[in-house]
Amino acid sequence: MIKDIESILVSTEEIDEITSRIAEQITNDYKDSEKKLVLICILKGSLMFTCELMKKINLPLEVDFMKVSSYGAKTVSSGVINIHLDMKREDFSECDFIIIEDIVDSGRTLSHLVRYLSERGASSVRSCTMLDKPSRRKVDFIPDYCGKEIPDEFAVGFGLDYNEKYRNLPYVGILKRKVYGG
Ligand code: IMP
Ligand code: MG
């Protein structure tokens, strides 16, 4: 796998710093809330990021899962998000949700999910992403918590995939263009 990586974008040490910093912010921001704190892991990309964060948040919390995909550019960009797996819960009004994402690109996935959870009656909804590519934005969207802004390169590792591969790398790297024919 390493031979397909151009360079390291976020090292294992830096991921550790990022998750410590965000976990501390979240702990401070929610310590006085009387609602249930629920981290929503967006499968599959934010699996590792969610694990690291939840270990470091010093508050009672629940973890839940959603799986979504965006239709992206291929379907004339309606911005439609497909929900493949949803949360089975009835207590939206009792929950402070934080949606955990691997990366924000166009911004469609997270802006749609924030709206969707709000419409279902969530007490509050915030978003948290490990990586952000602000130069790629197609809709107005700023994540509440962000690990690191990166340039417009294709990133893999620490949960992020290309064709389901590379998720298990313990760092985030830039994939060589020849691998995806870019
Ligand atoms: P958005 O709705 O365009 O913001 O899409 C974000 C989703 O696109 C992420 O959850 C990823 O699944 C995928 N994505 C965007 N950029 C990358 C990348 O550099 N590497 C891997 N997946 C990416
Ligand atoms: Mg994803």
Side-chain angles (χ1 to χ4, degrees), residues 1-12 14-15 18-19 22 38-54 63-87 97-119 125-182:
M1 286 198 297
I2 289 165
K3 69 178 189 342
D4 298 339
I5 302 302
E6 184 78 51
S7 59
I8 292 183
L9 206 52
V10 197
S11 68
T12 305
E14 196 179 355
I15 290 169
I18 285 170
T19 49
I22 295 179
V38 182
L39 305 186
I40 308 174
C41 173
I42 305 300
L43 296 169
K44 304 171 187 170
S46 79
L47 182 66
M48 286 215 211
F49 183 46
T50 305
C51 286
E52 286 309 304
L53 264 186
M54 63 188 282
V63 64
D64 215 329
F65 298 90
M66 291 182 75
K67 190 162 192 281
V68 300
S69 66
S70 70
Y71 283 107
K74 280 182 206 145
T75 56
V76 201
S77 167
S78 55
V80 175
I81 306 297
N82 206 5
I83 297 181
H84 303 284
L85 171 75
D86 205 347
M87 298 184 290
F97 292 102
I98 307 179
I99 308 167
I100 313 291
E101 253 288 40
D102 49 0
I103 188 163
V104 186
D105 188 68
S106 69
R108 287 197 179 98
T109 305
L110 272 182
S111 63
H112 181 272
L113 284 178
V114 169
R115 205 175 328 115
Y116 175 74
L117 294 173
S118 304
E119 283 168 7
V125 186
R126 281 186 182 167
S127 60
C128 173
T129 187
M130 178 171 68
L131 302 173
D132 190 3
K133 292 186 200 172
S135 64
R136 299 261 308 166
R137 212 59 106 246
K138 295 279 188 290
V139 297
D140 235 349
F141 182 79
I142 301 171
D144 297 294
Y145 304 97
C146 174
K148 187 173 184 173
E149 291 190 358
I150 63 166
D152 182 13
E153 300 278 3
F154 200 80
V156 293
F158 200 69
L160 290 147
D161 75 307
Y162 171 66
N163 274 349
E164 295 299 326
K165 277 175 69 191
Y166 310 102
R167 291 194 199 275
N168 57 325
L169 290 174
Y171 52 81
V172 179
I174 295 174
L175 191 61
K176 283 185 182 162
R177 284 186 187 267
K178 67 166 201 242
V179 178
Y180 58 97

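One-based numbering, in listed order, for ligands and for the atoms of each. Numbering of residues begins at 1 and proceeds along the displayed sequence.
Judged by distance alone, with hydrogens and angles left aside, the side-chain atoms of Thr12 form a donor-acceptor pair with the main-chain N or O of Pro170 at under 3.5 Å. The backbone N or O of Cys128 lies less than 3.5 Å from no partner atom in the side chain of Asp144, so there is not a single donor-acceptor pair. For Lys165 (side chain) and Val156 (main-chain N/O), no donor-acceptor pair under 3.5 Å exists by modelled atom type. Looking only at distances, no side-chain donor or acceptor of Lys133 sits under 3.5 Å from a matching main-chain atom of Phe154. Proximity of a side-chain donor or acceptor of Arg137 to a complementary backbone N or O of Asp105 within less than 3.5 Å is detected.
Minimum interatomic distance between Ser46 and Ile100 (heavy atoms only, all atoms of both residues): OG-O, 2.8 Å. The shortest heavy-atom contact between Thr129 and Asp132 is CG2-CB, 4.4 Å. Pairing each heavy atom of Asp152 with each of Arg177, the nearest pair is O-NH2, 4.4 Å.
Of all the heavy atoms of Lys133, the ones lying under 4.0 Å from any atom of ligand 1 belong exclusively to the side chain. The proximity of Ile81 to ligand 1, defined as any non-hydrogen pair under 4.0 Å, does not occur for either the backbone or the side chain. Contact annotation: for Thr109 versus ligand 1, heavy atoms closer than 4.0 Å belong to both the backbone and the side chain.
The distance from ligand 1 to the heavy atoms of Glu101 drops below 4.0 Å at these ligand atoms: 10 (O). Set against the non-hydrogen atoms of Asp161, the atoms of ligand 1 under 4.0 Å away are 21 (C). Against a heavy-atom cut-off of under 4.0 Å, Arg108 is close to the following atoms of ligand 1: 2 (O), 4 (O). Remark: ligand 1 atoms within the under-4.0 Å shell around heavy atoms of Ala155 are 18 (C), 19 (O), 20 (N), 21 (C).
For CD1 of Ile83, the number of neighbouring non-hydrogen atoms (other residues, nucleotides, ligands) closer than 6.0 Å is greater than 12.
Every heavy atom of Leu131 sits 4.0 Å or more from the atoms of ligand 1. For the pair Val156 and ligand 1, no heavy-atom separation below 4.0 Å is found. Residue contacts with ligand 1 include Gly107, since one of its heavy atoms falls under 4.0 Å from the ligand. Judged by the shortest distance from any of its heavy atoms, Glu153 lies inside the 4.0 Å radius around the atoms of ligand 1.
Nearest to atom 14 (N) of ligand 1 by heavy atom, out of Ile103, Leu43, Asp105, is Ile103.
Geometrically, ligand 1 and Ser70 share no nitrogen or oxygen pair separated by less than 3.5 Å.
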